[in-house]
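Here the structure comes first, spelled out in structure tokens, and everything after it is commentary.
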Amino acid sequence: MIPTLSWRNNSVVLLDQQALPVEERVLVCTRYQEVLTAIKDLTVRGAPAIGVAAAMGIALGSLSLPADSPEGFRKGFDALCDQFAAARPTAKNLFWAIERMKGCFAGAMADAMTGETEKVRQALVDEALRMAEEDVAINRRIGRNGQILIPDGARILTHCNAGALATAGYGTALGVIRAARDAGKTIQVFADETRPVLQGARLTAWELQQENIPVTLITDNMAGFLMKQGLVDCVLVGADRIAANGDTANKIGTYSLAVLADAHSIPFYVAAPLSTIDRQLSSGADIPIEERPDEEVLAIRGVRIAPVGVGVYNPAFDVTPGGYIEAIISEAGVARFPYESSLEKLFLEPS
Ligand SMILES: CSC[C@H]1O[C@H](OP(=O)(O)O)[C@H](O)[C@@H]1O
């Protein structure tokens with residue numbers, strides 16, 4: 001599979017996720033503005049992936065920053081970071097990645113002050129590439145930690161795409177599925193199509209098919225009936241921002257799945273790197289929820305499915321209270337309710 005994102009000849013190469021599954025094509029970004037647009041229009045999407053994409057975009061933008069003065073160079077860098085911070089509001093990983101790039105810049109400031117801006121530019125590129133590499137390793141650890149929860153023969157329902165396409169590789173929720181398969185377990189996946197942008201139908205179904213992982217596509221409104229028939233053993237999803245008490249923002253429709261799973265006594269798991277956890281947020285009440293363009297609801301691939309002029313509400317995420325979540329799987333280990341303490345332990349005493 002073409003990598004979700006990569007750095008090639010001072011350009012950011014993105015697998016164009018708007019074109020999948022019909023066409024596998026890449027977008028070669030030679031200017032940071034192209035990366036910024038790609039994040040906004042979901043050419044690249046998924047919490048960890050947009051973090052790494054922003055890091056690469058900032059590194060790309062730094063290559064053309066005017067360096068006639070250290071102050072001007074720093075102001076230009078800060079403006080780059082601000083633009084990427086405004087791209088999408090919900091995924092904590094985006095802001096975590098930007099802070100990491102700022103830390104790298106601060107660490108190289110001595111070089112910037114002496115006009116060694118080429119060293120700073122290279123340090124930023126190296127940091128972005130390191131983040132991409134680390135993300136895949138983190139996802140493999142999430143997979144190992146999570147697959148223990150997956151019984152042989154499990155029938156897993158997932159929502160949206162929390163796979164290699166949502167990360168720098170391997171995936172979070174789909175990373176757990178890959179790890180369970182690699183542990184020799186027989187699994188099958190039910191993928192919610194995930195209206196309105198259809199990440200499940202277009203991306204998860206495609207991604208799992210690439211690896212011959214059995215996947216059955218369902219529409220979002222079928223999940224409850226599937227559970228009632230006893231056809232789901234667990235629900236496994238990704239996350240975009242997790243509050244200190246475990247309240248989790250994820251793709252719209254996740255909360256509905258959690259309530260349905262609770263009603264049918266089906267375990268509901270969240271898989272996410274520690275960079276998704278917002279330790280400053282005591283609950284999910286203040287997680288910013290992105291509202292996206294009406295067109296995403298009014299049409300599918302450009303074909304209008306609703307009358308002109310109808311009102312539209314298009315929140316891209318919802319928040320699942322921590323009490324509905326059986327376990328949160330990270331690279332540092334598995335946290336269980338109550339999350340105020342168990343999540344903090346992951347930061348302090350990784351297993
Ligand atoms: C591994 S995080 C993936 C996460 O991001 C998705 O949102 P979007 O496709 O809008 O970026 C969705 O919430 C996934 O669970």
Side-chain angles (χ1 to χ4, degrees), residues 46-47 90 142-143 145-163 166 171-180 185 187-194 199-200 204 208 215-216 218-274 276-277 283-285 287 289 317-330 333-343 346:
T90 305
I142 291 172
N145 290 336
Q147 73 85 16
I148 298 167
L149 303 171
I150 307 297
D152 186 19
R155 299 158 299 177
I156 305 166
L157 174 62
T158 193
H159 192 69
C160 195
N161 172 265
T172 54
L174 298 195
V176 171
I177 287 170
R178 287 185 166 97
K185 295 176 182 174
I187 49 161
Q188 68 175 62
V189 179
F190 288 105
D192 273 355
E193 66 172 358
T194 315
Q199 289 93 328
T204 293
L208 294 178
V215 55
T216 302
I218 62 170
T219 60
D220 301 328
N221 51 10
M222 295 175 186
F225 186 49
L226 219 61
M227 292 181 192
K228 185 163 173 26
Q229 295 176 80
L231 297 177
V232 177
D233 298 305
C234 68
V235 179
L236 174 62
V237 298
D240 291 81
R241 192 181 298 229
I242 301 172
N245 69 344
D247 292 353
T248 294
N250 195 50
K251 183 53 51 201
I252 189 72
T254 302
Y255 170 60
S256 313
L257 276 184
V259 172
L260 281 167
D262 182 56
H264 293 85
S265 303
I266 294 170
F268 186 91
Y269 299 123
V270 170
L274 294 179
T276 308
I277 299 170
S283 82
I287 296 178
I289 299 297
F317 302 97
D318 57 27
V319 178
T320 298
Y324 284 104
I325 302 171
E326 174 77 20
I328 295 175
I329 305 156
S330 80
V334 177
R336 292 184 183 271
F337 190 83
Y339 291 108
E340 287 82 352
S341 53
S342 62
L343 283 176
L346 293 182

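- Summarising the geometry, atom CG belonging to N221 is positioned 11.5 Å from atom CG belonging to L226; distances are rounded to the nearest 0.5 Å.
- Rounded to the nearest 0.5 angstrom, M222 CE and L231 CG are separated by 13.0 Å.
- Heavy-atom minimum distance, A327 versus L149: CB-CD1, 4.3 Å.
- I242 contributes atom CD1, which lies 7.0 Å from atom CG of L343 (distance to the nearest 0.5 angstrom).
- Between the CG atom of L208 and the CG atom of L174 there is a distance of 5.0 Å, given to the nearest 0.5 Å.
- When side chains are defined from C-beta on, I329 counts as touching L236, because their heavy atoms get closer than 4.5 Å.
- In this structure a side-chain-to-backbone donor-acceptor pair under 3.5 Å is missing from D318 to I252.
- Residue I177 holds its CD1 atom at 7.0 Å from CD1 of I150, rounded to the nearest 0.5 Å.
- Scanning both residues, I287 and A249, for their nearest heavy atoms gives CG2-CB, 3.7 Å.
- Between V270 and A239, the shortest heavy-atom distance links the atoms CG1-CB, 3.7 Å.
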*asked:* Using the rule given for side chain to side chain contact (heavy atoms under 4.5 Å, CB included), can you reason through M227 versus V235, listing the C-alpha separation, both sets of side-chain angles and the distance that settles it, and then say yes or no?
replied: CA-CA 10 Å; M227 292 181 192; V235 179; 3.9 Å; yes

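- Residues N245 and E340 form a side-chain contact, since some pair of their non-hydrogen atoms from C-beta on lies under 4.5 Å apart.
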*side chain to side chain contact (heavy atoms under 4.5 Å, CB included) between V176 and I142, worked out*: CA-CA 7 Å; V176 171; I142 291 172; 4.1 Å; yes

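- Side-chain N or O atoms of D247 include one that pairs as donor or acceptor with a backbone N or O of G322 at under 3.5 Å.
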*List the steps, then state whether side chain to side chain contact (heavy atoms under 4.5 Å, CB included) holds for D233 with R155.*
CA-CA 5 Å; D233 298 305; R155 299 158 299 177; 2.8 Å; yes

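- The main-chain N or O of C160 is found under 3.5 Å from a side-chain atom of T194 such that the two form a donor-acceptor pair.
- Among V237, T248, L157, the one residue that satisfies the side chain to side chain contact (heavy atoms under 4.5 Å, CB included) test with F268 is V237.
- Here the straight-line distance linking atom CD of Q147 with atom CZ of R178 works out to 14.5 Å at 0.5 Å rounding.
- Closest of all the heavy-atom pairs between G238 and A173 is N-CB, 4.0 Å.
- Using a 4.5 Å cut-off on side-chain heavy atoms (C-beta onward), D192 and T204 make no contact.
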Side-chain donor-acceptor pairs of residues 253-263 under 3.5 Å, sequence neighbours excluded:
unit_1, atom_1, unit_2, atom_2, d
T254, OG1, N250, ND2, 2.9
T254, OG1, K251, O, 2.6

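- With hydrogens and angles disregarded, no donor-acceptor distance shorter than 3.5 Å links the side chain of Y269 to the backbone of G146.
- Looking at heavy atoms from C-beta onward, I325 lies in side-chain contact with Y339 at the 4.5 angstrom threshold.
- Here the closest non-hydrogen pair linking A191 and G200 is CB-O, 4.4 Å.
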